2 protein chains.
Amino acid sequence: MAKIDDVARLAGVSKGTVSNVFSQKRPTSKKVTEKVLQISKELNYVPNHIARSLVTKKTMAIGLTIPHGKFFFSVFHNQFINGVILEASNYGYRVLLDMIAAEEVKTPSLASYPIDGAIVLGPTEEDDRINLLYQNEIPFVTIGKIINKGLQGVSTVNNDNKQVIRDICDYLLGLGHRNIMFLNAGEQMTVSIERTEEFVRVLQEHGVMIQPGMIHYKPGIHSDKYIKYGYDETLHSVKNHTERPTAIIADDDRTAFSALNAINDAGLRVPEDISLFVICGDQSMMHQVRPSLTGMDLQPSELGVQSVRLLMHKLGILEGSYENNRIVPSKIIERNSCSSIQN
Amino acid sequence: MAKIDDVARLAGVSKGTVSNVFSQKRPTSKKVTEKVLQISKELNYVPNHIARSLVTKKTMAIGLTIPHGKFFFSVFHNQFINGVILEASNYGYRVLLDMIAAEEVKTPSLASYPIDGAIVLGPTEEDDRINLLYQNEIPFVTIGKIINKGLQGVSTVNNDNKQVIRDICDYLLGLGHRNIMFLNAGEQMTVSIERTEEFVRVLQEHGVMIQPGMIHYKPGIHSDKYIKYGYDETLHSVKNHTERPTAIIADDDRTAFSALNAINDAGLRVPEDISLFVICGDQSMMHQVRPSLTGMDLQPSELGVQSVRLLMHKLGILEGSYENNRIVPSKIIERNSCSSIQN
DNA sequence: CTGAAAGCGCTTACAG
DNA sequence: CTGAAAGCGCTTACAG
């Protein structure tokens, strides 16, 4: 590969000038510019990104750290990543997919991360990934709330989980439902905790007592119950004819499918007998299935876009003041799986 | 951030020695090793990845180039990427998500790609991304066949598209189906071309004439017909009671849903009236839906793993001889959407 | 608008 | 097993 010296020599200019033609950081005369460009094309020259990075201290890449595990990608993550890549490319940034494994954190014998900043997906309490970034002084943005008293100026992009649940409950209560079952996400996740709190609060505001068995949590990803989460819980509750729920809130589309199957297997129908609401699912899938599924649009792609923008602010690429905690709005998309209760 | 000079000075050794402690490329005495490690820990020192790359000419990153567009991520891509990341991390490699836009290719004013090799998803004929990689002398592996006479030693990982179609046809023919509708992928894709060829061949071998309207192609992603592909085609063919298909092969799960909806809307049932076969879909989704969908398991994750291995061979990381074109096997997963024809 | 030179933080023959 | 020095391919004050 040709290097800057080759181009400089053949173009009869200095290395600095060649550099400026490509970086545009200082003006170059039209004549010189053309000559340099022509020679570069002939030599198939392109500036070496690594060498440039070494002096500019910028890699023009952001890391997207994803939780370690085999099944980490959901449609939600998908769309999120989509938004991240698209927005990052607007600033000339590339995205480095990073799956920081636990072992890696313990043996930091590796070279420092070649990224300018990071976006952390699914942060947990005591998150090693975050500590690592913090130690290496790499600016980062987390998706979802992070509980960590030690760290200062942590930036977060998130849906308003409480508002989401409030909206859903208001919607179902408005349809006359009083007995609502909630198939929540994993118990240890901060999002689940917030949701449950708000779920209980809203229902109590409306004078609805929380019964045992009304709230369930998704089993761990390595549990064999993981894959059929929603089925047994629904079937069990539905068989109880006196107190059976008239509406079910499902964490994601897959859970909703399981619930739907259980309802059908019990000889009941959605939405005539039981309404079904999906918090987080693939919109086009929810649209195509019969009955089509009413649910929330959490705008994962927008979450991705906003997290990149926030990071760009922290990196000084984007100027102006900014809010360290951004909320991405969500809205209910009504389809055919919820109906008002028949008395 | 501390640098190698700081560590060397405080540890009372040369930079070269510090370098060796971290890289392990030359032996260091236990005493020196411990001292260096201790000082490094105190200073929070980690070798600078960029500086290292500049001299070693290795970035320890591979690029995953994905087609430009807003909806590029399907479940298939998902799982594929999953396999890529997991396998790459086994060799200490990171994955740079790259969405080479058309404009970018035209203005190569950007710095050379900081990657050691690349995996190209969804190559098309006359693919600018491939030309770019070729020009920059970056080793790459394509997923799916690439038609390009000019390039030598191109490596490819792929399913055996013809075998896939042959297996599917054999399966359906074995169930007694003779009138099979094929909802294929996009017309311009090499995979579609191969599939159609084989579809026609197998059916003709069994004495089945190809009728007009038996083979359809997925509209472009920006077409408004894209989202409902499969519905109109199915409804139209199903209404024709004398010649209606008894089996439908759908490119992906979404297309299958559309077909399923059309069949139901026409008052028919799957699989009693019409069998439905999915080529490429999310297995767990296909499992959960009712009726559960019989289809192919293309092992996208394995495709990812194999493409990384092949690339590692090309990079000289993995030794030994290797086959430049790898085939990942696929198998039929029988569920409840196909049944033998009732005469 | 352009050039000469120092320097970014490492690794790697070379020598011992 | 260790050190001194050159060099990886750029950018960037500094000077003109």
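Bear in mind the structure is a predicted one, so any value in this text is a computation, not a measurement. First the proteins, then the strands, lettered A, B, ... as listed; each starts at 1.
Taking only side-chain nitrogens and oxygens, B:Lys25 never comes nearer than 4.0 Å to OP1 or OP2 of C:dT11. Using a 4.0 Å cut-off, some side-chain N or O of A:Ser19 falls inside it from OP1 or OP2 of D:dT11. At C:dT11, none of the side-chain N or O atoms of B:Lys58 fall inside 4.0 Å of OP1 or OP2 (strictly under the cut-off).
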Pair up each side-chain donor or acceptor in residues 30-38 of chain B with any protein partner under 3.5 Å, not counting sequence neighbours, and list the distances.
{"from": "B:Thr33", "atom 1": "OG1", "to": "B:Thr28", "atom 2": "OG1", "distance (Å)": "2.8"}
{"from": "B:Thr33", "atom 1": "OG1", "to": "B:Ser29", "atom 2": "O", "distance (Å)": "2.7"}
{"from": "B:Gln38", "atom 1": "NE2", "to": "B:Glu42", "atom 2": "OE2", "distance (Å)": "2.7"}

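If you take atom C1' in D:dG16 and the same atom in D:dT12, they sit 16 Å apart, rounded to whole Å. Rounded to whole Å, the P atom of D:dT2 lies 23 Å from the corresponding atom of D:dA6. Spacing of P atoms, D:dC10 relative to D:dC14, comes out at 24 Å, to the nearest Å.
A side-chain N or O of A:Thr59 and one of A:Asp116 form a donor-acceptor pair less than 3.5 Å apart.
A 4.5 Å side-chain heavy-atom check between B:Ser307 and B:Val84 finds at least one atom pair inside the cut-off.
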For this session: Can you check each nucleotide of nucleotides 2-7 of chain D against protein heavy atoms at under 4.0 Å and return B for base, S for sugar-phosphate only, - for none, in 5' to 3' order?
Result: BB----
Problem set entry | Dot-bracket summary - DNA chain C, pairs being Watson-Crick or G-U whose distances fall under 3.5 Å, with | when paired to another strand | |||.||||||||.|||
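Minimum interatomic distance between A:Gln306 and A:Val328 (heavy atoms only, all atoms of both residues): CG-CG2, 3.9 Å.
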